[in-house]
Amino acid sequence: MSVSTKYKQASLARRHRRVRKKVSGSAERPRLSVHRTNRHVVAQVIDDRSGRTIAAASTVEPAIRTAGPTGNKAAAATVGRLVAERARAAGITAVVFDRGGFLYHGRVAAVAEAAREAGLEL
């Protein structure tokens with residue numbers, strides 16, 4: 001692994017720790033966590049107090065994966081809508097947003113905006 005790759009990974013981990021100091025999910029208002037890679041986006045609704053994932057969606061799922069490219073904003077918006085629908089089915093209407101150390105821009109913002117449009121309060 002190159003030095004620049006290690007530096008990027010360390011920077012991401014540092015940013016993520018900084019965000020997680022301030023953001024925590026409860027049963028009333030769980031955490032909507034977003035993780036992105038170059039190819040995929042994963043979103044989870046997590047109750048941190050019980051350590052339980054309430055709802056999840058990702059571009060790795062066959063329904064989204066076969067629909068087209070998975071590393072773009074359209075796919076991220078699909079993930080946001082899907083995780084919001086699953087969370088609402090589980091009785092969750094409000095969440096706190098955890099950008100996971102990533103900038104609130106592009107695919108991360110697309111997940112949040114789609115979740116808002118689908119009825120989640122962020």
Side-chain angles (χ1 to χ4, degrees):
M1 189 179 308
S2 70
V3 174
S4 64
T5 304
K6 286 183 183 179
Y7 178 75
K8 286 179 184 179
Q9 287 177 345
S11 297
L12 178 66
R14 195 167 47 248
R15 284 190 308 271
H16 188 63
R17 280 193 305 269
R18 191 167 52 232
V19 169
R20 281 303 314 276
K21 274 194 285 191
K22 301 170 189 167
V23 176
S24 180
S26 64
E28 302 81 33
R29 196 169 172 108
R31 175 171 56 100
L32 174 60
S33 175
V34 176
H35 180 76
R36 70 169 175 83
T37 65
N38 287 338
R39 289 187 181 184
H40 297 289
V41 175
V42 178
Q44 296 177 319
V45 177
I46 303 167
D47 177 5
D48 287 318
R49 292 194 182 145
S50 67
R52 192 171 67 93
T53 299
I54 299 166
S58 128
T59 55
V60 179
E61 296 177 13
I64 299 173
R65 196 171 192 160
T66 58
T70 57
N72 57 18
K73 290 198 298 189
T78 304
V79 168
R81 279 190 298 276
L82 192 57
V83 76
E85 290 169 4
R86 291 176 181 174
R88 288 184 55 84
I92 304 299
T93 58
V95 296
V96 291
F97 188 69
D98 175 13
R99 61 187 175 87
F102 301 103
L103 292 177
Y104 186 84
H105 180 77
R107 290 181 287 156
V108 175
V111 170
E113 291 164 5
R116 271 191 206 99
E117 290 171 3
L120 277 185
E121 179 188 331
L122 297 180

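Positions are given from 1, in the same order as the sequence printed here.
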- Work out which heavy atom in A56 is nearest to a heavy atom in R86; give both atom names and the distance. O-NH1, 2.6 Å

- Message: Determine whether H35 and F102 satisfy the following criterion, ring-ring contact (aromatic ring centres under 6.0 Å, His included), listing intermediate values before the conclusion.
- Response: CA-CA 8 Å; H35 180 76; F102 301 103; 5.5 Å; yes

- Donor-acceptor pair, D48 side chain versus G25 backbone, under 3.5 Å? yes

- Item | Any donor-acceptor pair under 3.5 Å from R39 side chain to T59 backbone | no

- Task: Without swapping roles, check the side chain of R116 against the backbone of G119 for a donor-acceptor pair under 3.5 Å.
- Result: no

- Spatial distance of atom NZ (K73) from atom CD (E113) [nearest 0.5 Å]: 8.0 Å

- Hydrophobic cluster membership, V111 vs L122, 4.5 Å side-chain cutoff: yes

- Side chains of R29 and S26: donor-acceptor distance under 3.5 Å anywhere? no

- Message: Is the shortest side-chain heavy-atom distance between F97 and V34 below 4.5 Å?
- Response: yes

- Item | Test side chain to side chain contact (heavy atoms under 4.5 Å, CB included) applied to S58 and T70, V42, V41, V79, the passing residue | V42

- Any side-chain heavy atom of E85 sitting closer than 4.5 Å to one from R88? no

- Query: For the hydrophobic clusters of this structure (ILVMFWY residues joined by side-chain heavy atoms under 4.5 Å, transitively), does one cluster hold both L120 and I54?
  - Reply: yes

- How far apart are the closest heavy atoms of P69 and A75, and which atoms are they? O-CB, 3.6 Å

- Task: Report the distance from atom NE2 of H16 to atom OG of S11, rounding to the nearest 0.5 Å.
- Result: 14.5 Å

- Decide yes or no for V95 and P30: does some side-chain heavy atom of the first lie under 4.5 Å from some side-chain heavy atom of the second? yes

- Item | Shortest non-hydrogen contact between A43 and L32, atoms and distance | CB-CD1, 4.2 Å

- CD1 (I92) and CD (E28) are apart, to the nearest 0.5 Å, by 9.0 Å

- Does any non-hydrogen side-chain atom of R36 lie less than 4.5 Å from one of R99? no

- Determine whether R65 and V60 make a side-chain contact, defined as any pair of heavy atoms from C-beta on separated by less than 4.5 Å. yes

- Got a sec: does the OH of Y104 have more than 12 other heavy atoms crowding it under 6.0 Å? yes

- Hey, are the side chains of D98 and V19 touching, using non-hydrogen atoms and a 4.5 Å cut-off? yes

